[in-house]
Amino acid sequence: MSASPPTQHSAEPHASAPGNKLNWLRAGVLGANDGIVSTAGIVIGVAAASADRGHIFTAGIAGLTAGAVSMALGEYVSVSTQRDTEKALLAKESAELREQPEEELEELAAIYEAKGLTPETAWQVATELTENDAFAAHVDAELGIDPEELTNPWQAAISSAISFTTGAALPFLAIMLLPPHLRIPITFLVVAVALALTGFLSATIGDAGRGRAVLRVTVGGVIAMAVTYLIGTLVGTAVG
């Protein structure tokens with residue numbers, strides 16, 4: 001028996017989900033990158049305006065804390081929305097399997113036929129998978145969702161906050177531990193090296209061109225630090 005034309009479910013993405021571990025790792029690297037750039041900009045800008053260690057410390061701690069909290073809240077809201085969407089899709093699929101099992105079987109067979117199987121083989125595969133566990137077969141083929149491993153907003157929020165704080169600690173410690181005449185140039189160097197490393201790791205995880213990624217991230221961070229340094233110098237001169 002050949003597969004009938006698939007029932008249209010335009011709201012259901014028929015695609016496989018990307019590796020969750022790779023996504024979390026990449027998010028961690030990008031979070032660290034954000035922490036490096038934003039905190040470096042703050043402390044270098046303040047250091048350019050004032051040599052007072054207390055002012056730099058206060059600004060750095062405030063920027064680090066605000067950034068980590070903001071990243072955590074943003075990830076929590078974003079991933080909570082994604083989790084709600086996943087749960088809604090799973091509930092929708094479960095209801096469709098109860099209400100129109102034949103149409104769902106035809107749709108599953110059509111998915112496998114579209115992947116290259118003959119109509120007869122696709123129908124056989126769909127039938128056997130449906131007999132074994134219809135819900136698991138459909139959510140895997142149609143939605144790419146594992147019901148046992150839904151995205152966790154708390155995990156995302158905590159991971160984001162930790163990665164941001166880790167990245168932010170590098171420029172903060174560099175500028176706080178160095179003598180005044182070395183603070184800015186050494187911090188520039190530390191941040192540039194750290195950004196090059198995050199660019200390299202991000203490209204490696206995504207299997208992209210490493211050279212371009214390193215250059216893009218490093219140049220962007222250096223420009224951000226240069227701008228904040230210039231602004232800090234202008235402000236320090238104006239109020240000095």
J.: Mind checking the CD-OG1 spacing from Glu86 to Thr81? Nearest 0.5 Å is all I need.
T.: 11.0 Å
J.: What's the verdict on side chain to side chain contact (heavy atoms under 4.5 Å, CB included) for Thr121 and Tyr112, showing C-alpha distance, side-chain angles and the deciding distance?
T.: CA-CA 9 Å; Thr121 302; Tyr112 286 110; over 6 Å; no
J.: The test is side chain to side chain contact (heavy atoms under 4.5 Å, CB included); show your working for Phe57 and Asp52 and say whether it passes.
T.: CA-CA 9 Å; Phe57 178 83; Asp52 188 291; over 6 Å; no
J.: For the atom pair CD1 (Ile36) and CE (Met225), what is the distance rounded to the nearest 0.5 Å?
T.: 10.0 Å
J.: If I take atom CD from residue Glu106 and atom CD from residue Glu113, how far apart are they, to the nearest 0.5 angstrom?
T.: 11.5 Å
J.: Between Phe135 and Leu108, is there a shared hydrophobic cluster once you connect ILVMFWY residues whose side-chain heavy atoms come closer than 4.5 Å?
T.: no
J.: Ala72 and Ala161: which non-hydrogen atoms are nearest, and at how many Å?
T.: CB-CB, 4.0 Å
J.: Mind listing the closest non-hydrogen atom pair of Val46 and Ala59 along with its distance?
T.: CG2-CB, 3.6 Å
J.: Quick check on the hydrophobic clustering: are Met71 and Val37 connected, directly or via other members, by side-chain heavy-atom contacts under 4.5 Å?
T.: no
J.: Are Phe164 and Leu170 in one and the same hydrophobic cluster, where Ile, Leu, Val, Met, Phe, Trp and Tyr link if side-chain heavy atoms are under 4.5 Å apart?
T.: no
J.: With no hydrogens and no angle check, is any side-chain donor or acceptor of Thr198 less than 3.5 Å from a backbone partner on Leu195?
T.: yes
J.: Looking only at heavy atoms, which two atoms of Ala196 and Val214 are closest? And how far apart?
T.: O-CG2, 3.5 Å
J.: Only one of Gln100, Arg98, Lys92 forms a side-chain hydrogen bond (donor to acceptor under 3.5 Å, both in side chains) with Glu96, so which one is it?
T.: Lys92
J.: Would you sort out whether Glu104 and Glu99 count as a side chain to side chain contact (heavy atoms under 4.5 Å, CB included), showing the intermediate values?
T.: CA-CA 9 Å; Glu104 286 295 297; Glu99 297 166 3; over 6 Å; no
J.: Any heavy-atom pair between the side chains of Leu64 and Thr165 that's under 4.5 Å?
T.: yes
J.: For residues Glu93 and Val139, report the shortest heavy-atom separation together with the two atoms involved.
T.: CG-CG1, 4.2 Å
J.: Shortest non-hydrogen contact from Tyr76 to Ala157?
T.: CB-CB, 4.0 Å
J.: Rounded to the nearest 0.5 Å, what separates atom CD1 in Ile231 from atom CD1 in Ile44?
T.: 12.5 Å
J.: Are Val227 and Val191 co-members of a hydrophobic cluster defined by side-chain heavy atoms under 4.5 Å apart?
T.: no
J.: Quick one: does Ser70's side chain have a donor or acceptor within less than 3.5 Å of a partner on Ala66's backbone?
T.: no
J.: Tell me if a side-chain donor or acceptor on Thr39 pairs with a main-chain N or O of Gly35 at a distance below 3.5 Å.
T.: yes
J.: Atom OG in Ser163, atom CD1 in Ile158: separation rounded to 0.5 Å?
T.: 12.0 Å
J.: Is there side-chain contact between Leu105 and Trp123, with heavy atoms separated by less than 4.5 Å?
T.: yes
J.: Run the side chain to side chain contact (heavy atoms under 4.5 Å, CB included) test on Thr228 and Ile42 for me, step by step, so that the C-alpha distance in whole Å, both residues' side-chain angles and the decisive distance to 0.1 Å come before the verdict.
T.: CA-CA 7 Å; Thr228 56; Ile42 291 172; over 6 Å; no
J.: To the nearest 0.5 Å, how far apart are CD in Glu131 and CG in Leu129?
T.: 9.5 Å
J.: Would you say Gln124 and Glu120 are linked by a side-chain donor-acceptor pair, where the criterion is simply a distance under 3.5 Å?
T.: no
J.: Where do Ser80 and Pro153 come nearest, in terms of heavy atoms and distance?
T.: OG-CB, 3.2 Å
J.: Could you tell me whether the side chain of Thr218 and the main chain of Leu215 form a donor-acceptor pair under 3.5 Å?
T.: no
J.: Is Leu173 linked to Ile56 within one hydrophobic cluster, defined over Ile, Leu, Val, Met, Phe, Trp and Tyr using a side-chain heavy-atom separation of less than 4.5 Å?
T.: yes
J.: Classify the ring geometry of Tyr229 against Phe188: parallel below 30°, tilted from 30° to 60°, perpendicular beyond 60°.
T.: perpendicular
J.: Would a distance-only check, ignoring hydrogens and angles, find a side-chain to backbone donor-acceptor pair under 3.5 Å from Thr166 to Ile162?
T.: yes
J.: Of all residues at least two apart in sequence or in a different chain, which pass the side chain to side chain contact (heavy atoms under 4.5 Å, CB included) check with Pro185?
T.: none
J.: Tell me, do Arg53 and Arg183 make a side-chain contact under 4.5 Å, heavy atoms counted?
T.: yes
